[in-house]
2 protein chains.
Amino acid sequence: MKTSTPAAGSAAPHLIADAVELVHSYPQMPLTVDCVIFGFDENKLKVLLIRSDLEVYKGKWSLLGDIVKQTEELDDAAYRVLRERTGMTDVYLKQVQAFSSLNRHPGGRVVTVAYCSLLNIRHHELQITDNELHWQNVRSLKDMAFDHKEIIDACYNWLQKRIQEHPLGFNLLPEKFSLRELQNLYEAILNLELDRRNFRKKFFSMDFLIDTGELEEDVKHRPGKLYQFNFEKYEKSKRKWIGIDF
Amino acid sequence: MKTSTPAAGSAAPHLIADAVELVHSYPQMPLTVDCVIFGFDENKLKVLLIRSDLEVYKGKWSLLGDIVKQTEELDDAAYRVLRERTGMTDVYLKQVQAFSSLNRHPGGRVVTVAYCSLLNIRHHELQITDNELHWQNVRSLKDMAFDHKEIIDACYNWLQKRIQEHPLGFNLLPEKFSLRELQNLYEAILNLELDRRNFRKKFFSMDFLIDTGELEEDVKHRPGKLYQFNFEKYEKSKRKWIGIDF
DNA sequence: ATTGAATGTGTATTAATTACATGAATTTTC
DNA sequence: GAAAATTCATGTAATTAATACACATTCAAT
């Protein structure tokens, strides 16, 4: 970081001794985090929303977010939001992008850092009783508070790309899942149809699925086998992906 | 954005009428941008550094950065840094990641957003005369100011990945370039050796290179053909990349 | 016992990637 | 100006990956 250009050609640049004073002279602004929390239910990708508490956005949905505290890291702030809202720890959470439009918040300049979170919709301890919280279909979002539609779009694009390179999807499924559920997940996220045999071939050839020996229950047709993802094995053999292709 | 959890089960959540007052109550902090500016010279990937002006980092190199102004967007702040430091407009610039470690700045809490920039090392108007500015080999960085080593690593990883999916590399080359130069660029960035025939085949089959009909000059061997990248054609046929592969 | 619906599996075709060697064009050297 | 040195330019065969496609099996429901 460098605050002022030294006079051109100055031979002896002056060094700043008091870094604290320097930082005090910096402009300051509020910083927030917003979590795009994805869930998977009824073969649809959902995002967790809350009613905006701002009068100007009355009735509109917004993301779960909060201010970043004076001595809090961004990741910690995002985790705090998740913990407070869903009761869950150990959730998948990754920083995606900062948003800084000057008019993105009606109360003035607020910069926000967006996070993408993936969790199993059955595992959390939401009280959706008071209908403040709501799982909404990702493909039927409209008219949201702030720039939150834009943020969700960015995170959704990010997810579509990432899920093809990294095994993120499993965070959305129960620990044990059938191949059909896995395929439904990919089809929902990528918004396309996949050939069942090729999909199975693909995942089996990657060899990261553990056959639990168990079968689906409470299903009204021939039950499928249940698998687990072998995170350990995957970690060991993370592929270095090389292949130029625009 | 949501600041306070409504009392559990509260049937009538109160709406905040004064958004400005709300934002005024938010904690504030300084925000900066840091630009990881890559260049390509002598078949090496370089990054543009400046001597830190902080006494505590005396003699150490740091990234080019600056504070984000009260009414300035992040992208604009990063572009401003580039323009002021390199004299260049129209440069490739993308936001990569925010860094927020509490101790990353010796003067106190400063959050920074890192940008990756790619430019042609011959095009700028640097005054490197007073040795404040310096193009340094990406693979020989050590002992930098702040967390800038970490930031560069993150941007370099980002670049290695992105350059395989998008034609970013051309921003680092002159408008007209030989296939050998292009291959050298990829080899430098990806840190590997590629087969020349397959590399050529790959790029020709993508069909985004325009044969200028010109040949290299001032080269002490058989001159190669010079090509241009067909950005227009590329934009029209951006590939939607589908292929699950961890 | 029959029907319905989803599971589980294999092969042939096509496309993409990899490995690999020689002749042609230009500069340098003698 | 002939020979040597260097790099450019190019094609094919072998391997691997992706795609398209059909039928028998299992269980639940009737």
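Per chain, numbering begins at 1; letters A, B, ... match sequence-line order. On a predicted model such as this, the values are computed, not experimentally measured, just so you know.
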Distance, rounded to the nearest Å, where [X] contributes [atom1] and [N] contributes [atom2]:
{"X": "B:Asp218", "N": "C:dT27", "atom1": "CG", "atom2": "P", "answer": "10 Å"}
{"X": "B:Leu182", "N": "D:dC8", "atom1": "CG", "atom2": "C1'", "answer": "15 Å"}
{"X": "B:Asn198", "N": "C:dT18", "atom1": "CG", "atom2": "C1'", "answer": "6 Å"}
{"X": "A:Leu194", "N": "D:dT19", "atom1": "CG", "atom2": "P", "answer": "10 Å"}
{"X": "A:Glu193", "N": "D:dA20", "atom1": "CD", "atom2": "C1'", "answer": "15 Å"}
{"X": "A:Leu226", "N": "D:dC27", "atom1": "CG", "atom2": "P", "answer": "14 Å"}
{"X": "A:Phe203", "N": "D:dA18", "atom1": "CZ", "atom2": "P", "answer": "12 Å"}
{"X": "B:Glu181", "N": "D:dA9", "atom1": "CD", "atom2": "P", "answer": "12 Å"}

Closest to side chain of B:Arg196, choosing from D:dA9, D:dA18, C:dT7: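 It is D:dA9.
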
May I ask you to verify whether the side chain of [X] and the base of [N] hold a donor-acceptor pair under 3.5 Å?
{"X": "B:Lys202", "N": "C:dT18", "value": "no"}
{"X": "B:Arg222", "N": "D:dC8", "value": "yes"}
{"X": "A:Arg197", "N": "D:dA22", "value": "yes"}

Rounded distance [0.5 Å steps], CG in A:Asp34 versus OG in A:Ser62: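 Output value for this atom pair is 7.5 Å.
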
Salt bridge (charged side-chain N to carboxylate O under 4.0 Å, His left out) partner of B:Lys176, chosen from B:Glu214, B:Glu216, B:Glu181: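 Among B:Glu214, B:Glu216, B:Glu181, the one that satisfies the salt bridge (charged side-chain N to carboxylate O under 4.0 Å, His left out) with B:Lys176 is B:Glu214.
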
Geometric class of the B:Tyr92/B:Trp158 ring pair [parallel <30°, tilted 30-60°, perpendicular >60°]: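 B:Trp158 vs B:Tyr92 ring planes: tilted.
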
Under 4.0 angstrom between B:Arg180 side-chain N/O and D:dC8 OP1 or OP2: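 Answer is yes, contact under 4.0 Å.
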
Side-chain N,O (A:Arg200) to OP1/OP2 (C:dG8) below 4.0 Å: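 A:Arg200 to C:dG8 OP1/OP2: side-chain N or O found under 4.0 Å.
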
Pair A:Gln228-A:Glu175, side-chain donor/acceptor within less than 3.5 Å: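 Yes, a side-chain donor-acceptor pair sits under 3.5 Å.
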
A:Glu187 versus A:Gln183, side-chain donor and acceptor atoms under 3.5 Å: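 Result is yes, a qualifying pair exists.
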
Sugar-phosphate only, base, or nothing, as touched by A:Lys201 at under 4.0 Å among non-hydrogen atoms: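 It contacts base atoms.
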
Of B:Pro223 and A:His221, the one whose closest DNA chain C nucleotide lies more 5':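 The 5'-side residue here is A:His221.
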
